[in-house]
Each structure stands twice: as structure tokens, then as C-alpha cells.
Amino acid sequence: MKKRISVLCLAAAMILTAFSGCSSSDSQSSGSAGSGSESNNTPTETVELEFWGWWSSDARKPYIQEMVDNFNESQDQYKVTYVDIPFGDIFTKNIAQIAAGNPCDIMANSMEEVRFRANEDQVEALDEYITDDIKSYFYDQYIDACTGDDGVLYAVPYSVDTRAIYYNKAHFEEANVDPASIQTWDDLIAAADKLDQKDGDTWTRVGFMPVLGNGGVDTWMINANKGVAWFNTETLEPTVNSDVNKDVLKWIRDRIDHYGQAEYDNLSAAFSSGMTDPFASGTISMLVHTSAYTSSLAQTAPDLEYGVIPLPEYKAGNGHTANGGGFVLEVPKGAKNVAASCEFIKYATSKDTQDFLATKIGDFSARNDFDDSSEFFQNPITQDLAKCLEETSTVIIPNEIKGYTDVINPLIEEGTLGITDTDTALDNAQKAFEDFVASK
Amino acid sequence: MFSKVLGKLGIKTNQGRETFYGYIFILPWLIGLLCFTLGPMIFSFITSFADYNMRSIEFTGLDNYIYMFTKDQLFGKSFMNTLVYSLMNIPLVTIGGVIVAVLLNKTIFGLRTFRTIYYLPSIMVGVGTYFLWMLLLDPANGLVNAALSVIGIDGPAWLTDPNWTKPAIVLMHLWGLGGQMLLYLARLQSIPNDYYEAASLDGANAFHKFIKITVPLISPIIFYNLVIGIIGSFQVFQEGYIFSGNGSGSPAGSLLFYNLLVWNNAFKNFDTGYANAMCWFLFAVVMILTVIVQKSQKKWVYYEEGDNDD
């Protein structure tokens, strides 16, 4: 009998424990962490907030955590907890939490799709808390990217990036190439030819291949078109097979042919697996990459002597346009305390915090009130990248044609890989884009 | 004790008891289905007829299904990618499993070690395995091409050449066929030696014995693996997601599998209602194939008890 009673007690305890696990976590995310219901709404109430990001590497997480700790110590109204979730999971978790009505309080997300998320009702409007004077500290193009079609601000720029050509200084000296002489695409190819080295049929050094690293077909299209390449920004009509685009894709394919498809496959696979970096190991002399590549090189090749030059001009006078993007901080729809979340966002995007993050992590800020006195900008590489940032185009895909890249990219890639000739690939992509628009 | 309970429930015949025990055994699965799966399934079916983005639902009738069959340019491509992959993967993994199991059923030195080695990959799952295979399939420095070069074959660019991406994934799955092998092996061990001895006396050679004795006796396991293989192959997702790097299905859309397109629609474009419609079409296809295989088993699956009913 006693045994049965103890079994029943155990079962009841298990059921109670299970149900307590299912209880609402509202009290943790926004309620009082203080001394019970009597203290609710008192000035001493501490609001607990969750900040979701994907930065988990040793190069980043300690500094994000330090920034969060500094915020928590700077005041006693809010307590932020940083939660790092893998990049492959964080966005699905975020939308699932929003759909369930229990999102995190502050979310890091991509700048390019703020407008899309606003349109899909996934983010809170921040106009009430992020006032015009705060907005004025950021470059207009980034605030514009954070603004919805309805003119309301939905996010605050957190970090931005650009693309540039990283070059191996030792290779340049050996081949007697002056980086300042690379101003146009023709100059780039002339330099690459000087840097190339071959042993019989095997390339021992590759001067430059356009679509490796973090530079894709898009990078060169945007550079040549001085911005958006695939559609007319006003009419949204597809312009995939324009003469300029055909010229650009042929140039890219010619460069791959110069080295051979096998060499491209080998280098491309090396970058994909992430185990080796042909630029860090000295196999490639020049590589297109984002401004964040510096922190990666600091870890993988701390002794590598490298410099940075802007993407060259398609034709002289065309401009050094690079494609870039960035990340924002936003408040997911349904977050319990938008005002409190905005207090943290304001802190994380303030000049002092942005200076701290830039110096420690190497990311650029979207703020316009930095000058050379900042420690971060003392670094010559940073100064060169900052010049590239001035000619950076952040492409925001209009909501009306969202998803078109899924349709055209495989067809364009057929041209890049030499499966179809480049003009036909772009003609096919143009037709696919037109059909896509018609089907909407 | 149990028989008293069953008696009180009015279950007195042996068959009734068997049925009751059957339900007890599937109870954990049934509870899981009712508590966690059935609700989302019904919701997914309802929203497949709606413009649903996880924030709002607007019913649009059959629009999602019409768009799928008439306007979506990626639907056909992703379905064909999945079909081609399945046609390569299912037979090769099934035949490979049988062959390895038969080989490991022989009495040879170090048999247990070989069985362990062959089984080991099937318990290594997850993203790590895919990254491991990215290294093995590296065209310049990978072990696979290094092995091929020993026999004079210039290996392909497995994951950058669109023609070789699907064979690369099949190759990876062949490496992990230990799970299937174990099932075949368990069945092979229960085949009495008398059958083979009797066949030998009748003059049957090894091939005849394999075709006439081994294959029929392991056919229930082949049938089971075939059904599971069809379901698994049509649900291929991770391989395309990881190997293409960004979920785009590159190179040149060759890894854009059906479920990857579903994922992109649901979580990148937030056309979740449309993604649900795609899921239900896939469900219908897999169900039809499963029923066909189920019906065909009467012609080729041998049950020793002589009970070939469903």
C-alpha cells in the first residue's frame, strides 16, 4: 500500500513538474525580477530583456557580452541577456516565436530585408522611441533601408559592410605591381596577368579570379551599373540582359576560362569547405571580400602582409561602386516592452558603444559622427575600407518582386560555369524574371 | 492481472487481446501524433488554401495549387531534382545494403570489426558529416579523387559541377548504408543453412542460391527499406541546404530539392501557405508511391508464414 502511495506521489510530482515546464515565461521576459507583485510598476522594477544574435565566435562573442554587461551596469532599470543562436536557426526561431506571440526583445537581423519584414508585420515600429535627432547620427541610406514603405522606422543600423579587393603585398612587390595603378577593370587584369604563376600546366599562383571569396556576379554587376543591375528601380522592369550585364558576365567567364574550369572548381571548393583560405595561404594574390574579412585574416593568417584597394571602375569615370549590406537591431512584433528594448538599442548604437565594437571586432558603424580621432580609424586598412564604404550601394529588393533572385540566379550561374554561353544565360534569366513578374 | 482488466473491458478472445496489445505498442506514437503532429497537420492543410505568412491568414481557395502547377518556375525544377536523386539513391542504397550484408554474413577473419566499421557511419549524423564530406569530395585534395586517381580516373568537381552534385550525395549515402545492412544481416542470420545445402545438392551455384533463396527470404526487409527509402529520398533537404552554402540550391540550381524550395518559400519569402500546399502535394506523391509498392509486394515479397495480406 505504502509503495502504491509513493508511486502515486512520484507520478503526481512528475506531472506537476511537466506542467510547470509549460508555464508562461512572460515573467522572465518582461516582468519583475524584483520582489514579487507588490513591487510591480515601482520605479525600482528591473525589466529583463533577451537580445538574440548569432555571434558566438571567440572573435566576437566576448565583446558583445562585454557591451551587454556594460549596459546592465550602466543602469538598474533593465537587465539584458545575450542569447547566441546559430545563424542557420536564428531566423526560423525568430519567426516561430513571433507567430507564437512570445518573441525575444531585441533581435539582430539583416539590413537589406527590414522593409520586407515590416511589410510582413514581423517588426515593431520604433518611431515613437527613436526620434529624429537620433536618426540624424546615421547616414541617410542606412536609415532609409531601415524605413518601411509606410515611412515608419522599424530598425536601427547596427553595423555595415562593404566589399574591396584584398591584395598580398609580398606578391605585389615581387611582381612589381603598384596597387594605386589599379583603377579600372583593364588595370586589374593587367596586374593579375603579372601576378599569375604557372608550373607547366599547373597554376602555382592565381592573380585574380572575380567570383571567389565574397564577390559574386552581383558584385561586378552592381559595380558596372553603379547600383542595381537586374531591374529598373523605378518601373521594376527586368534589365537582366542589358548590354552592360552581358559584357560583365562575359568578362567574368573569360577570367574563369583564362585559368580553366578545373582551377576555378578547386579554388571554389576550397573556399566552400572553409578549411583552407587560398588568399591567406598565398595561392591567390587578389581577392574580393567584405570589410569583415580583416577579423578573419587576423585569426587565420596573423602574419600575412596585405592591403586593400577599392573595386576598380568598369570604365574610367564609372565609379568604384561596391555592394554592401549590414545588420540592424530591431524589436520583433509582439515583444512585451518595446520602450525598454529601444533603450538597449540606443545604447548599442551609441557613438561610444559603436566605437568600442568597431575597435574590438572590426565592424564598421553606420553612424556619421566618427572622425579620425577614433582608435578604430587609426588603422590604415580601416581607412582604406572606409573610403570603399563611401561608394557602397546597399540594394534593397522591393517587396513587389521579392523572390526573383531564386528564379534568375541558377540561370545566371549556368553562364558563369560555362554550361550555356553568357549571353544566352542572361536572356534566359531575363525571360524567367519577366515570367516571374507576370505570375505575381 | 492484465487478463482481468481485459476481461472487464469485454476483451475475451485471443484475437481481441492481440489487437489490444498492438494498440498498447503503438500508443507512444499515437500520443505523439495526437499531441504534437495532428494539430499542425490540420492547420497546414487548412492554410494550404490561404495566403498565410505566419502573421495573417487570407483564404484564397485553390490559388496556391494553381500557382504551383502553372506558374511556379522552380516547382518543376525542384521536383525533377528530387526525382532524379531518388531514382539514383533508392536502388543503389538498397542494392548496396544487400550486397554488404551478404558479404558480412560470411565467416571471415575480423568479421565483427568489419561489421562495426560498416555500421559506424550510420550513427554519425548531422551537419558535421556533411562538412566532412565536403573535404572528402574536394576536387584537388579530397580523398575520393585521390583514390580515383590511383586507378587512373580524373575525378570530377563533385560539388561545383552541377552534373555531379547529386551523385556526390548518393555516394555519401552509400557510405552510411550500415543501418540498412544491419536489418538485412539480422534476417540473413536467421536463414537456415539447410536451404543452401539442399540447393547445393541440386547443383545450384552461388548466384542461383542468392537469387532463389537469399533474395526471397530477405524480401520483407527489402520491402521495408524501399518504403522507408522512398519517404526519406523525397524528403531530402539538409544535403542541398549545406552543400549549396546559402540554401539557394547552387551550383546552377542542381541542389534545389523540393523540400529546400518549401523551406525557402516558408522561411525566406514567408509564403507559408504556399509552402504548405507544396508539402501536401509531396505527401500525395509519397503516399501514392508507397501504396503502389505496398500493392506490388504480393508479387515479389515472400513471407514464410504465407501471409501476404496487408
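On a predicted model such as this, the values are computed, not experimentally measured, just so you know.
- Of all heavy-atom pairs between B:Ser250 and A:Glu413, the closest is CB-OE1, 3.2 Å.
- Between B:Asn269 and A:Phe116, the shortest heavy-atom contact is O-CZ, 3.4 Å.
- Interface remark: A:Phe436 contributes backbone and side-chain atoms alike to the contact with chain B (heavy atom separation under 4.5 Å).
- At most 12 non-hydrogen atoms from other residues, nucleotides or ligands lie less than 6.0 angstrom from NZ of A:Lys431.
- Counting non-hydrogen atoms of neighbouring residues, nucleotides and ligands closer than 6.0 angstrom, the CG atom of A:Asp201 reaches no more than 12 such neighbours.
- A:Asp406 touches chain B through backbone and side chain together, each having a heavy atom under 4.5 Å away.
- Listed options B:Asp271, B:Leu137, B:Leu135 were ranked by heavy-atom pairs under 4.5 angstrom with chain A; first place goes to B:Leu135.
- Considering every non-hydrogen atom in both A:Ser272 and B:Met134, the closest pair reads O-CE, 3.5 Å.
- Going from atom CG of A:Asn409 over to atom CG of B:Leu256 covers 11.5 Å, rounded to the nearest 0.5 Å.
- Side-chain contact between A:Leu417 and B:Pro251 is present, with heavy atoms from C-beta onward closer than 4.5 Å.
- One distance of note links CG of A:Asp265 with CG of B:Leu159; it measures 10.5 Å at 0.5 Å rounding.
- Side-chain atoms of B:Gln73 come within 3.5 Å of backbone N or O of A:Ala432 as a donor-acceptor pair.
- When the shell of 6.0 Å around CG of A:Asp199 is examined, it contains 12 or fewer heavy atoms from other residues, nucleotides or ligands.
- Only the side chain of B:Phe131 comes within contact range of chain A, with heavy atoms under 4.5 Å apart.
- With a 4.5 angstrom heavy-atom cutoff, B:Trp263 touches chain A only via side-chain atoms.
- Contact annotation for B:Tyr130: neither backbone nor side-chain heavy atoms come within less than 4.5 Å of a heavy atom of chain A.
- We find the NZ-OH distance between A:Lys440 and B:Tyr67 to be 5.5 Å, quoted to the nearest 0.5 Å.
- By the 4.5 Å heavy-atom criterion applied to side chains, B:Met54 and A:Ile98 are not counted as neighbours.
- For a residue to count as touching a neighbouring chain, one of its non-hydrogen atoms must lie under 4.5 Å from one of that chain's; by this rule B:Ser248 does not touch chain A.
- Only the side chain of B:Tyr241 has a heavy atom closer than 4.5 Å to any heavy atom of chain A.
- Taking CG of B:Asp72 as the start and CG of A:Asp435 as the end, the distance is 11.5 Å to the nearest 0.5 Å.
- Residue A:Leu267 holds its CG atom at 10.5 Å from OG1 of B:Thr160, rounded to the nearest 0.5 Å.
- The greatest number of non-hydrogen atom pairs below 4.5 Å with chain A, out of B:Pro139, B:Pro162, B:Ala157, B:Ala266, is found for B:Pro139.
- The choice from A:Arg117, A:Gln122, A:Glu414 that makes the most heavy-atom pairs within less than 4.5 Å of chain B is A:Gln122.
- Of the two parts of B:Leu74, only the side chain, counted from C-beta on, holds a non-hydrogen atom closer than 4.5 Å to a non-hydrogen atom of chain A.
- Proximity to chain A is absent for every atom of B:Pro156, based on heavy atoms less than 4.5 angstrom apart.
- Heavy atoms of A:Ile419 lying under 4.5 Å from chain B belong exclusively to its side chain.
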